[in-house]
Amino acid sequence: MRYTHAFVPTLKEVPKDAVTPSHVLLLRGGFVRMVGAGIYEMLPLGLRVLTKVAAIVREEMDRAGAQEVLMPALLPKEYFDESGRWDSFGDTLLRLKDRKGGEYHLGPTHEEIITDMVRRDVKSYRQLPQNLYQVQMKFRDEARPRAGLLRCREFMMKDAYSFDVSEEKARQSYESMREAYHRIFRRVGLDYRVVAADAGAMGGSTSAEFQVLAQNGEDAIVACTACEYAANVEVAASLRGARVTVEVPAFERVQTPARKTIEEVATFLGKPASATMKALMMVADGAVVMVLVRGDHDANEVKVAKALGASDLRMATDVEIRAASAGPVGFLGPVGGWTGKVVADLALDDGGGYVSGANEVDHHLTNVVLGRDFQATVADLRTVGDADPCPSCGAALKSYRGIEGGHIFVLGTHYSAKMRCHFLDEQNVEKPIVMGCYGIGVSRLVATTIEQHHDGDGIRWPMSVAPYHVVVTTAGKGDDLDGAAETLYRGLTERGVEVMYDDRDERPGVKFKDADLIGFPLRITVGKRGLAEGKVELKARAEKEAVLVPLEEVVERVASMVRDQGGRLRSA
RNA sequence: CGGGGCGUAGCGCAGCCUGGUAGCGCACACGGUUCGGGACCGUGGAGUCGAAGGUUCAAAUCCUUUCGCCCCGACCA
């Protein structure tokens, strides 16, 4: 491609609406443009990258035996009615009506549609297993689209759906997808962790998230520094500490004038926050409950909901707390005054005495012991962090921020049972097909790649997904320079290398800045000095220094670098 | 949905408080000088001041309503 013919509108200044690095660089580098909140156009360069990521995904899905299909984005209500998701999906479902008043939605995910596709024609165990996937735009009316391509309302997603005769076979499909995902994430050049996660609303039994490590990640994850354990903090298990062996004296009521927060109370009483307990009032499926965690710990709503068997959980409002006749906010505690349900975190169940609210303004209790002074359902309720031990091996955990790039599930018969997607087994017994689903946010991966591969000058694309492998630039003017660059451009192109030839009549500085911003992995500079010796400069985007390479060797040198770094040469 | 911020030329911004001729930088066009890390000089084109309503002799500026965008939170297969 000649730069003078290319539509690559780079920006010198940072658009004011962009904050996240990938968002800024996608806009500045001329990859995408915003059309509305969470809605983007892919410009030529952006589409090239997106297409490359999608190509890697397709190759690996095909290698794993999956077959690509294409489903409608516009879907009649009836399918989601069958699964119950027309109601349960909530506001995130983008709904619309046609001229006759018929109700439709834009597909946020396609379990129902694919299940319908399969149930229509699959009747026998002989037709299974099947693994079908789609790569297409999906739509979600996100409460808050943000960070450019990281959270959009319209985004490109790959979803694969497996159909098996048994849970065991489904598990095999799941494992094969897990392996395919490893290959995909590695090939795209991402630093990631596979973590245990909340299968949540999917109704699945087993799931794992592929979390791309990034400073700006929305998700908090922990990974063991010694073993393979890694989990989303939503589910990462905490361990019970050692039991306190000393005798704890009876609890005492003490004055704590106007000290409400853990911080204030602990400081006032001269104790560490870890010697206090925090009473949080939450509403679980409509009922107000008291949730107790140690003062220095954070309650984890996913865990609390699970412990309570609640499908809906949120913090109680002050009004609800008063209505439930609990003590005054800031001085709440489990002893005296509160007669409702109490759940306590494992860490409090160590026989130790803790400071708690006295359910009376300006007063707290000291030496409150769980099991002695009050009763509670004990469960793992808190969010683990850096200081915690690995639940698997006991070594230290380390926390990371991550961006969910992929999520794989064993769905079981959640959808197939509801939608009567059945088959006949060898014994002529009708059974629901056992499903799995496997998603990858393709457009999101483009952004996460930039989050991991950029510097102060711009993007540093991994070879495998770069919009072009190399940019050829002249530094200085003269027919000899242009001629040599032109020859290189032709030679490289013929060799199958993807080349951007910067033939603009610009000063070298301008071309270099754009090259760095756009992030071509390699740059060839044809300059007067080098050319006098029959050489050109070859510089990797990630390296500081360029090397001089004889003209006649450049093409092969670049071709092998492209190959070695995971790029693909186009076959002639 | 709650909190905060912002809408003025393609991009980044000033002007608004204290009403009166719409401005700066970049980008763009033309001429000239430059040419290895976003050059310089000159000339020029380009704006329904997000939209609607109101106050006023007069509104980018004051008032009301509304739409859009960003950030934090809530939410989030």
Side-chain angles (χ1 to χ4, degrees), chain A residues 9-20 23-24 27-28 30 33-40 83 85 88-93 107-112 138-148 150-153 155 157-161 197-204 207-210 216 218-219 232 234 301-302 312-315 317 403-409 411 414-415 436-441 444 456-458 473-478 481 502 504-518 523 525-531 536-537 539 544 546:
Chain A
T10 57
L11 267 25
K12 251 192 243 188
E13 292 178 274
V14 179
K16 77 169 162 65
D17 287 343
V19 176
T20 314
H23 191 195
V24 170
L27 290 168
R28 287 196 55 211
R33 286 293 183 262
M34 184 172 76
V35 172
I39 308 172
Y40 288 83
S83 67
R85 290 209 287 187
S88 69
F89 218 96
D91 292 336
T92 306
L93 192 62
T109 175
H110 288 74
E111 280 78 16
E112 288 84 350
K138 303 219 174 185
F139 301 82
R140 291 182 195 171
D141 193 357
E142 292 287 347
R144 182 150 97 87
R146 74 190 97 172
L150 286 175
R151 182 167 288 278
C152 284
R153 290 194 291 178
F155 53 97
M157 179 121 180
K158 185 284 300 179
D159 258 330
Y161 306 93
D198 182 32
M202 289 301 299
S207 89
E209 288 175 346
F210 281 68
N216 291 298
E218 291 184 320
D219 296 323
N232 192 305
E234 284 178 355
E301 293 196 19
V302 172
D312 181 58
L313 184 82
R314 58 180 174 80
M315 295 297 288
T317 61
I403 299 166
E404 184 182 353
H407 204 157
I408 57 177
F409 298 86
L411 290 174
H414 186 78
Y415 293 93
C437 76
Y438 319 93
I440 286 184
R444 178 181 276 186
D457 292 318
T473 299
T474 51
K477 285 196 171 169
L481 296 185
D502 194 343
R504 290 178 296 172
D505 183 19
E506 286 286 356
R507 299 160 67 91
V510 173
K511 299 187 186 183
F512 292 155
K513 286 288 186 188
D514 273 336
D516 287 348
L517 173 62
I518 293 166
R523 186 181 83 201
T525 308
V526 182
K528 278 209 168 61
R529 291 191 292 273
L531 201 58
V536 294
E537 285 169 30
K539 181 183 169 300
K544 245 192 142 76

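Everything quoted here is computed from the prediction, not taken from an experiment. We name chains A, B, ... by the order of the sequence lines, and we start the count at 1 in each one.
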Quick one: on RNA chain B, does R146(A) or D505(A) contact a more 5' nucleotide (nearest heavy atom)? D505(A)
Give me the distance, rounded to whole Å, that separates C35(B) from U8(B) when you measure between the C1' atoms they each carry. 37 Å
Contact class for K16(A) vs. all strands (heavy atom < 4.0 Å): base, sugar-phosphate, or nothing? sugar-phosphate
Within the structure shown, what part of the strands sits under 4.0 Å from T109(A) by heavy-atom distance: base, sugar-phosphate, or nothing? base
Using a heavy-atom cut-off of under 4.0 Å over every strand shown, decide if A143(A) touches base, sugar-phosphate, or nothing. base
Identify the nucleotide, in any strand shown, that forms a Watson-Crick or G-U wobble pair with A59(B), with both distances under 3.5 Å; if there is none, say none. none
Measure from the side chain of L517(A), starting at C-beta and using heavy atoms only, and say which of C75(B), G38(B), C69(B) lies closest. G38(B)
When you compare A22(B) with G47(B), how far apart are their C1' atoms, in angstrom units rounded to a whole number? 8 Å
If I take atom CZ in residue R151(A) and atom C1' in nucleotide G73(B), what distance separates them, rounded to the nearest angstrom? 14 Å
What contact category does A546(A) fall into here, base, sugar-phosphate, or nothing, at under 4.0 angstrom with non-hydrogen atoms? nothing
Both distances under 3.5 Å, Watson-Crick or G-U wobble: report the partner of G37(B), or none. none
Taking any heavy-atom pair under 4.0 Å as a contact, classify R33(A): base, sugar-phosphate, or nothing. nothing
What's the closest nucleotide to the E13(A) side chain, out of C11(B), A27(B), C13(B)? C11(B)
Does any donor atom in the side chain of K511(A) or T474(A) lie under 3.5 Å from an acceptor atom in the other side chain? yes
Over all strands shown, is D91(A) touching base, sugar-phosphate only, or nothing at heavy-atom distances under 4.0 angstrom? nothing
Select one nucleotide: of C71(B), G36(B), G12(B), the one nearest the side-chain heavy atoms of V19(A). C71(B)
Under 3.5 Å for both donor-acceptor distances, Watson-Crick or wobble: does A46(B) have a partner, and if so which one? none
Do E218(A) and R146(A) meet the salt-bridge criterion of a basic N to acidic O distance under 4.0 Å? yes
Ignoring backbone atoms, establish whether R144(A) has a side-chain N or O less than 4.0 Å from OP1 or OP2 of C72(B). yes
Find the distance L11(A):CG to G38(B):C1' and express it as a whole number of Å. 13 Å
Just the rounded figure in Å: distance from P of G38(B) to CG of D514(A). 12 Å
With sugar-phosphate meaning primed atoms plus P, OP1 and OP2, does G439(A) contact a base, only sugar-phosphate, or nothing at under 4.0 Å between heavy atoms? nothing
